[in-house]
Amino acid sequence: MTLVEADGENADEAVNGQRFAAVLCHGVLGYLEQPEPLVDQLCRCTAAGGVVSITTGNAKAMAVRPALEQQWDDALASFDTRGEIGVLGVPTRADTVEELRELVRIRGVEPMRLLPSTQPRLSPRGTQRSGLTGH
C-alpha cells in the first residue's frame, strides 16, 4: 500500500493516472459543499470492473441521532434539514441513496449496491450517528 497526500479533487493527477481495483471515500463527502468534483475523481481513479465505496450522512435519517439522545425538539427539526454541526464541530451535509446513485452512474460507474445504514454507528464522541453506505 502506498499513501499519497493530495487534494481529493486532484486525485487522478496525484496518482499519475493510475487506476485501482477499489477506491474508498468514507466520511468525507459530508464536509464538502459540492461533492461532484471529488466523486468525479473517485470514479476516474477506479479501474474497469473496480469498486467505488462511499459512506456519507444519510439525508433521510437526520433525525436518528437527536432522537437517540432524546432531544425531541432537535429530532423533529431534523426532518426538514440536510445538515448539522457534526462531531468535529463543523457544518456537515447529507446525501440520499438516490443522489449518490446518480452521482456515480453519470460518471460511468454502475452502482452494484447502495445501502442505507440500518444501525446507527458510534461517533468518536460517543453519540450515535447514522450513515449511508454506497458500495
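The figures that follow rest on heavy atoms only: side chains count, while hydrogens, waters and symmetry mates do not. Please read these numbers as outputs of a predicted model, since none were measured by experiment.
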Considering all heavy atoms, the nearest Thr56-Gly30 contact
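Answer, listing the atom of Thr56 first, then Gly30: OG1-N, 3.5 Å.
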Going by an N to O cut-off under 4.0 Å, is there a salt bridge joining [X] and [Y]?
X	Y	answer
Arg65	Glu84	yes
Arg105	Glu110	yes
Arg107	Glu36	no
Arg101	Asp95	no

_I'd like to know whether Val28 forms a side-chain contact (heavy atoms from CB on, under 4.5 Å) with Leu38, so could you lay out the CA-CA distance, the side-chain angles of the two residues, the decisive distance to 0.1 Å, and finally the verdict._
CA-CA 9 Å; Val28 175; Leu38 180 56; 3.8 Å; yes
Notebook entry, point to check: Going through the distances and angles, do Ser53 and His26 end up as a side-chain contact (heavy atoms from CB on, under 4.5 Å)?
Noted result: CA-CA 7 Å; Ser53 177; His26 294 180; 2.8 Å; yes
Sorted by chain and residue number, the side-chain contact (heavy atoms from CB on, under 4.5 Å) partners of Asp7 (sequence neighbours excluded) come out as Glu9, Asn10
TODO: Would you please name every residue forming a side-chain contact (heavy atoms from CB on, under 4.5 Å) with Ser78, sequence neighbours left out?
DONE: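 Partners of Ser78 by the side-chain contact (heavy atoms from CB on, under 4.5 Å) criterion, ordered by chain and then number, come out as Met62, Ala63, Pro66, Thr81.
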task: Answer whether the closest heavy-atom distance between the side chains of Ile54 and Leu42 falls below 4.5 Å.
output: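 Counting from C-beta outward, Ile54 and Leu42 do come under 4.5 Å.
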One should read off an interatomic distance between Leu29 CG and Glu99 CD, to the nearest 0.5 angstrom, of 11.0 Å
Inset, instruction - Decide side-chain contact (heavy atoms from CB on, under 4.5 Å) for Lys60 and Arg82; before the verdict, give the C-alpha distance in whole Å, the side-chain angles of both, and the deciding distance to 0.1 Å. - result: CA-CA 8 Å; Lys60 293 183 178 178; Arg82 296 283 302 252; over 6 Å; no
